[in-house]
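FYI, the numbering just counts along the sequence from 1.
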Amino acid sequence: MSPSPAEPPPVQVGCDSGAPPETPPGLPVAAVAASPGKRPRAGSRTGGDLFSVLLPTYNERENLPLMVALLVKAFEETGEAFEIVIIDDASPDGTGAVARRLQALYPPNTITLALRPGKLGLGSSYTHGLRHATGNFIFILDADLSHHPKFIPAFVAAQRAGDHDIISGTRYAAGGGVAGWSLRRKLVSRVANYVAGVLLSPRVSDLTGSFRLYKRDVFEALMEVVVSRGYVFQMEVVVRAVKAGWSVGEVPITFVDRLYGESKLGGMEVVLYLEGLWMLFWA
């Protein structure tokens with residue numbers, strides 16, 4: 001992965017801790033759904049754990065407000081301290097502007113902006129987000145609502161129960177599944193995971209999933225050695241983690257097809273997947 005150009009430091013814009021904030025003009029009402037009387041415990045760690053959510057975005061202006069609201073609600077239910085790091089790659093649909101409005105809407109330290117000057121790839125977006133994150137645990141998930149934050153408490157509970165280095169959401173274990181997919185897409189995903197499982201023996205049921213929880217030091221170490229671009233990145237991360245001896249637990253999730261916008265998975269991602277599979281087989 002090529003290093004991204006230098007960017008300005010993250011901007012922290014808060015809101016008064018008194019009366020609930022008003023919704024900025026043009027921001028969907030869903031953005032305030034998780035901001036009732038009680039405030040989320042966000043952004044600062046005083047001896048306990050802090051969960052940093054890395055949220056890469058590209059053309060997600062409709063999905064981002066609801067995703068942020070659901071994240072806040074999920075962490076309110078766990079009682080855990082958290083922060084949301086939004087990494088936007090100069091989305092032409094104005095996602096960055098929506099992110100700025102959300103940052104002003106929520107209490108200080110809830111949202112950090114890590115904006116980039118262009119579309120620089122998924123793997124590098126996580127590296128960039130890490131520079132702006134302060135938590136000792138790192139969540140990654142898709143911003144398009146395919147990954148529902150309601151599963152976050154189960155991730156946290158599973159990590160605590162087994163002290164795992166990684167918790168990976170799985171569509172292919174008991175209790176997991178997908179919704180809104182065509183038969184063709186289900187077949188492609190199943191075959192991709194099956195072939196990778198046979199060739200790489202990763203002992204993980206969902207290699208290509210991108211809803212995961214990492215110990216920060218483990219994620220940082222993996223980011224130093226991962227070379228894949230795009231969606232094959234997720235497969236390489238978990239394969240290298242298993243080979244390095246880190247423990248991986250799984251939590252069943254339901255993957256739901258995006259509500260708004262267009263899928264970014266195209267023919268080139270299939271080619272990159274096959275290239276990545278070949279590279280990891282010989283690694």
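- The distance from the CG atom of L71 to the CG atom of L141 is 6.0 Å, given to the nearest 0.5 Å.
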Evaluation steps, ring-ring contact (aromatic ring centres under 6.0 Å, His included), between F219 and F137:
CA-CA 9 Å; F219 194 53; F137 282 96; over 10 Å; no
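- Using a 4.5 Å heavy-atom threshold, the side chains of L113 and V85 count as separate.
- Closest approach of A143 and T57 over heavy atoms only: CB-CG2, 3.8 Å.
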Test ring-ring contact (aromatic ring centres under 6.0 Å, His included) on F51 and F82 and set out the steps.
CA-CA 5 Å; F51 294 84; F82 72 100; 9.4 Å; no
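- P252 approaches G175 most closely through the heavy-atom pair CB-C, 3.6 Å.
- Side chains of P153 and V156 form no contact here, defined as non-hydrogen atoms less than 4.5 Å apart.
- Looking at heavy atoms from C-beta onward, P92 lies in side-chain contact with N59 at the 4.5 angstrom threshold.
- Between the Q103 side chain and the I111 main chain, a donor and an acceptor come within less than 3.5 Å of each other.
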Evaluate H148 against T254 for side-chain contact (heavy atoms from CB on, under 4.5 Å), listing each step before the verdict.
CA-CA 8 Å; H148 200 298; T254 300; over 6 Å; no
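- Looking only at distances, no side-chain donor or acceptor of D206 sits under 3.5 Å from a matching main-chain atom of Y172.
- For the pair T95 (side chain) and S91 (backbone), a donor-acceptor distance under 3.5 Å is absent.
- Side chain of E83 to main chain of T134: a donor-acceptor pair is present (N/O by atom type, distance under 3.5 Å, no hydrogens or angles).
- Taking the charged nitrogens against the carboxylate oxygens, D163 and K215 do have a contact shorter than 4.0 Å, which makes a salt bridge.
- Here the shortest heavy-atom pairing between S52 and G135 reads OG-N, 2.8 Å.
- Of all heavy-atom pairs between P149 and A74, the closest is O-CB, 3.3 Å.
- Residue pairs that meet the salt bridge (Lys or Arg N to Asp or Glu O under 4.0 Å) test with at least one member in residues 87-99, sequence neighbours left out, are D89-R116.
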Report the C-alpha distance between F233 and Y126 in whole Å, list the side-chain angles of each, state the deciding distance to 0.1 Å, and finish with yes or no for side-chain contact (heavy atoms from CB on, under 4.5 Å).
CA-CA 11 Å; F233 163 87; Y126 291 131; 3.3 Å; yes
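- In this structure, NE2 in H147 is found 4.5 Å from CG in D142, a value given to the nearest 0.5 Å.
- Taking both residues in full, the closest heavy atoms of A158 and H164 are given as O-CD2, 3.6 Å, listed atom of the first, atom of the second, then distance.
- L120 approaches S124 most closely through the heavy-atom pair O-OG, 2.8 Å.
- For the atom pair CE of M223 and NE2 of H128, the computed distance is 12.5 Å after rounding to the nearest 0.5 Å.
- Between L64 and I86 there is a side-chain heavy-atom pair separated by less than 4.5 Å.
- In this structure, a donor-acceptor pair under 3.5 Å is present between the side chains of N136 and D49.
- We find the CD1-OG distance between I253 and S168 to be 7.5 Å, quoted to the nearest 0.5 Å.
- To the nearest 0.5 Å, atoms CD (Q159) and CD1 (I166) are separated by 11.0 Å.
- For the pair E250 and V204, the minimum side-chain heavy-atom distance is below 4.5 Å.
- Between the CG atom in L66 and the CG atom in D144 there is a gap of 11.5 Å [rounded to 0.5 Å].
- Side-chain contact between F139 and L55 is absent, with no heavy-atom pair separated by less than 4.5 Å.
- Listed by first and then second residue, the side chain to side chain donor-acceptor pair (under 3.5 Å) pairs that reach into residues 217-226 are R216-E220, sequence neighbours excluded.
- Side-chain contact between Y214 and D165: absent, with no pair of heavy atoms (C-beta onward) separated by less than 4.5 Å.
- F151 pairs by the ring-ring contact (aromatic ring centres under 6.0 Å, His included) definition with nothing, not counting sequence neighbours.
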Given side-chain contact (heavy atoms from CB on, under 4.5 Å), test R212 with I138 step by step and report yes or no.
CA-CA 8 Å; R212 292 178 183 157; I138 304 294; over 6 Å; no
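- Side-chain atoms of S146 come within 3.5 Å of backbone N or O of V256 as a donor-acceptor pair.
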The test is side-chain contact (heavy atoms from CB on, under 4.5 Å); show your working for V225 and R240 and say whether it passes.
CA-CA 9 Å; V225 297; R240 290 192 183 277; 3.8 Å; yes
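- Between I84 and V68 the shortest side-chain heavy-atom distance falls below 4.5 Å.
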